[in-house]
Each structure stands twice: as C-alpha cells, then as structure tokens.
There are 2 protein chains.
Amino acid sequence: MEALPRETVVDVLEGRLREDILAGRHPAGSYLPPERRLADGYGVTRTTLKHAFGRLVQAGLLETRHGVGTRVRDFARLGGADLLPMLVRHSPDWFGEIFEVRRDVGALIAERAAARATRAQQGELRELLDAVRTAESADAVQLADVEVHRALARATGNRVYVLLTNTLFNAYLPVRAALVGPFTEPAAAHARLAPVVAAVEAGDGDAARRAAEAYLTATERIMLDGPA
Amino acid sequence: MEALPRETVVDVLEGRLREDILAGRHPAGSYLPPERRLADGYGVTRTTLKHAFGRLVQAGLLETRHGVGTRVRDFARLGGADLLPMLVRHSPDWFGEIFEVRRDVGALIAERAAARATRAQQGELRELLDAVRTAESADAVQLADVEVHRALARATGNRVYVLLTNTLFNAYLPVRAALVGPFTEPAAAHARLAPVVAAVEAGDGDAARRAAEAYLTATERIMLDGPA
DNA sequence: GTGGCTCAGTGGCTCATCCACTGAACCAGC
DNA sequence: GCTGGTTCAGTGGATGAGCCACTGAGCCAC
C-alpha cells in the first residue's frame, strides 16, 4: 500500500513549465520571461518559481545565467536519460524506443550476469523470481519483476548497469498501471521470466542473452499491444 | 573558449551535503536534521538550503516528506544514471565501470547505426569526424569526438540512445581535463575513430561493432593508464 | 480497542528586501 | 575610429521573517 501522491505548488508549476517547453512553445535557445514577471503571471512567489526552475535546470531543460536570464537548452541534442520520465509524460510515442533499448541493454545485462553472478546472487535471483509467483496483485507482480531485473543488473558486478536499469525503469514506472498487462497472472509472469534466471544460474551467457531478449520482447508486445 | 565556472552558495552547500551522504555519514533510511537547524548550522538561510535539498531530492539521494523530515534514500539500490557525475566526483573508482558500459553500449549503438544511418547522417558523421582532425586544442578534439558519438547515437534512429549517450558522457565530461590523453594529437584521434565511421558508412553492423569496441577499448586504456 | 482532539515539530510557501552580475550605452583618451 | 572605463537598468542569487499545511505522538472519551 503506497502513500497517495501529493502535489505541491512547485510540482504543478514545474509540470506547466515543462509541458510548455516540451511542446515547443519556447524553442531551444530562447529566453523565458524574467523570473519576477513569470512568477507574477503564474500567481506564485518568485521563490516557488525558482524551485520549479531549479528542477528544470537540473533536468537539463533550462539553463540560468546570473544577471542574464533563463534559457531553454537544446535538450533533444544534449539531454540525458533522466529526462525520460518527463518525455514519456509529454508523449507516449517514446515507449517504443525505450523498450527497444530496454531489450538491447537487458540482453547485454543478462549475458554479463550469467558470466559473473556469485552463488549468493544466484540464490537471490531465485528468491526474487519466486516472489513474482507469490505476489498478490498485478502491481505487486510488476514491482517484483522489477526487483528481478535489478538483481540481474547487480549480478553483472557493474554498478553502472544497476543505475542504468533504474533509469530505464524510472522512465515508465510512474505510469506503470497502463503497462500492467504482462503481470496480471503471476504464474504466467513467472513462467516467462524463469528461463532468464535459469540461464544465469547455468552460467550460460548466450542462453541468458537469448532468454532475456525473448522475455523482454514478449512483455513489450503485451504492454504495447495488449495480450496475445 | 568557455565561461569560467562560477560557484554559488547553493553549489557549495549541495556539494557538502552530497559528500556527507556519499561518504556514508548519513546512512540510507536515516533522517537529516530539520531544515531550520541544518541551515543555521551551515550559516545559510533555509531557502538556500531548500534549493540544495531540491537538487539532492531530484538526484534521488534524498526524499522529503511534508511535516516529517528529509531522509536519505537507498540510492545505491534505487538510484539512476543521472547520479553518475556525483558519484564520479566522490570517488574515481567508478571510471572502470562507466567505461565498461560505455564500451558495451557504444558497440551496440555503432551496430545499430550501421544498419540505420541515412545518407544525410552518414554525411554528418564524415563532417564531424573531419572536425576531430582539424580541432585546435586537445579539449576541442575531445569535444569533437563527443559530437561524433552523439551523431552515431542519432543514426540509430532511437532517441533514447542519444539520451543514454549524453548521460554516459555527462558522467565524466565535467572532469574531462584529466582524461584528455587520447585527444592530444588530432591526427591520431582521427585515425582511431575513422574505422567506426567507415563501417557505419559501409552499413556493416558487425564491422561497426568491432571497430567501436576497439576504439573505445583503446581510448579507455589511454584515459585510465596513460599513453601506450 | 477505537476514534477524535490537541500539540509540538516538521516542511511548503509567501513577502519584502538587498546584493552581485550582465550587457548596453555613453564618454574620454589615444 | 578604436579602446578602455564608467554608469545604469534589468537580471538572477540570497537573506530573513512569518504564516500555513501536514505529521506523528499523546491523551481522553466512549
């Protein structure tokens, strides 16, 4: 049971500004109006606006220069993967590309995990896989699936793969209710995922890569198109 | 010629807080002192502290709950790739892992680019490769190299690969002066990179993957160990 | 044991003000 | 005519005080 999301004024304002930017209403290179004017226009204080700006600056959508103003960055060219949640919220046509990368990188991770997993990590994978089968709601199955993928990333012995896995999940987990298709039946979800874990346990990199690709392709299809 | 970096109070404070967190002085799950106390302790206003907090919250190091307090997140487990610049700054032993992922993902990107690059993209790659040879400082060569990689990512036709490429570069470009070894001779840098672009132009995915791996392995070795 | 209320402490936000920086305009000197 | 110095208006960075909303713990009545 998760706490209900609560929106602050800064959240609302950030969302508004973000949508305006992503919708192209402020082209890359253009300056936004001065903070004082913008805050007045939105009916908030400048401090509140600066907090929203701070988020967009950190996300790479804006850059501010002391004494000059706040400019829209060429985020399409220069932006990082942390932008993905924002981009997905703006336009769902990002899903196809995210899933392609998820498939490619996920297969790579499974292959590395097969080569490097410790006995303890193999055991953890088994347990987390079991948790998929015993989870009691579709949402819980989905989140249990995520934990298996995190464990796979950890089993690569490369922490950057863990962070990358989280980043890809962060792209769509906020809207995961719309992508819950593959997780409505715990037994089916478990059966789809089990070959990946088995190949990693067997230390078979090729099999792990193939199994991960098959798994991610199948779940992606269900998520994008609906059940077969 | 780049503007000199300028540090604000928020920058300094964010860095201090970040170091304390990454150094484990506030373990995951623990609450930081209340904002008012912390601001007093650091000799800044609460507004300034809140800005620094905002950055760390967005980076996934902290989470704040209205009325409750600000807690350190289990960022090692849940954090995303946008944490990489912070992590590198804290501890250079991340470089090895970043470069491994850079190699794996870079090879994948080159393979996809070979399959999908348009004629216009191939032309752009050629031009950007030329810019590596004609750049006038090691720093400029290095940044020109980055532009080639961005163009490769664009040539995959998958925008998420562009963002991912930026994220990996964002991890170490702020400290790129320490990694400038492969870029001190424009002609040598160009010669190392040319086979990647050639394979992409030839539409040969296997060759592109192998060339990218060789390129990234060679440059990584120079960056980590020094010239051969 | 449960629900309602109070309270102290927390974060969220407002407001007003001052300081530091920037770019443009203007002027003096060469 | 060009360069360097100064001024000024407008920008963002930061301060400080105050009020409001939320939270969790404790207490009390039923």
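Letters A, B, ... mirror the listed sequences (proteins, then strands); counts begin at 1.
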Between S91(A) and D93(A), do the side chains contain an N or O donor and an N or O acceptor separated by less than 3.5 Å? yes

Taking Q142(A) for its side chain and F183(A) for its backbone only, find out whether a donor-acceptor pair lies under 3.5 Å.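 Checked: no pair found.
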
Give a yes or no on whether the backbone of E35(A) and the side-chain of R46(A) come within a donor-acceptor separation of less than 3.5 Å.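 Answer holds: no.
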
Checking base pairs now: Watson-Crick or wobble, both atom distances under 3.5 Å. What partners dC30(D)? dG1(C)

Write down the partner of dC22(D) under the Watson-Crick or G-U wobble criteria, each distance required to be under 3.5 Å. dG9(C)

Any salt bridge linking E147(B) with R150(B)? Criterion: basic side-chain nitrogen under 4.0 Å from a carboxylate oxygen. yes

In this structure, how many angstroms lie between the [atom2] atom of [N] and the [atom1] atom of [X], rounded?
{"X": "D40(A)", "N": "dC13(C)", "atom1": "CG", "atom2": "P", "result": "18 Å"}
{"X": "E63(B)", "N": "dT10(C)", "atom1": "CD", "atom2": "C1'", "result": "15 Å"}
{"X": "L13(A)", "N": "dG12(C)", "atom1": "CG", "atom2": "P", "result": "15 Å"}

Once you round to the nearest 0.5 Å, how far does CG of L128(A) lie from CD of Q121(A)?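 Interatomic distance, L128(A) CG to Q121(A) CD, rounded to 0.5 Å: 11.5 Å.
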
Nucleotide by nucleotide, 5' to 3', does protein get under 4.0 Å of the base (B), only the sugar-phosphate (S), or neither (-) in nucleotides 6-16 of chain D, counting heavy atoms? ----BBBBBBB

From the list L49(B), L38(B), L56(B), T8(B), side-chain contact (heavy atoms from CB on, under 4.5 Å) partner of L13(B) resolves to L49(B)

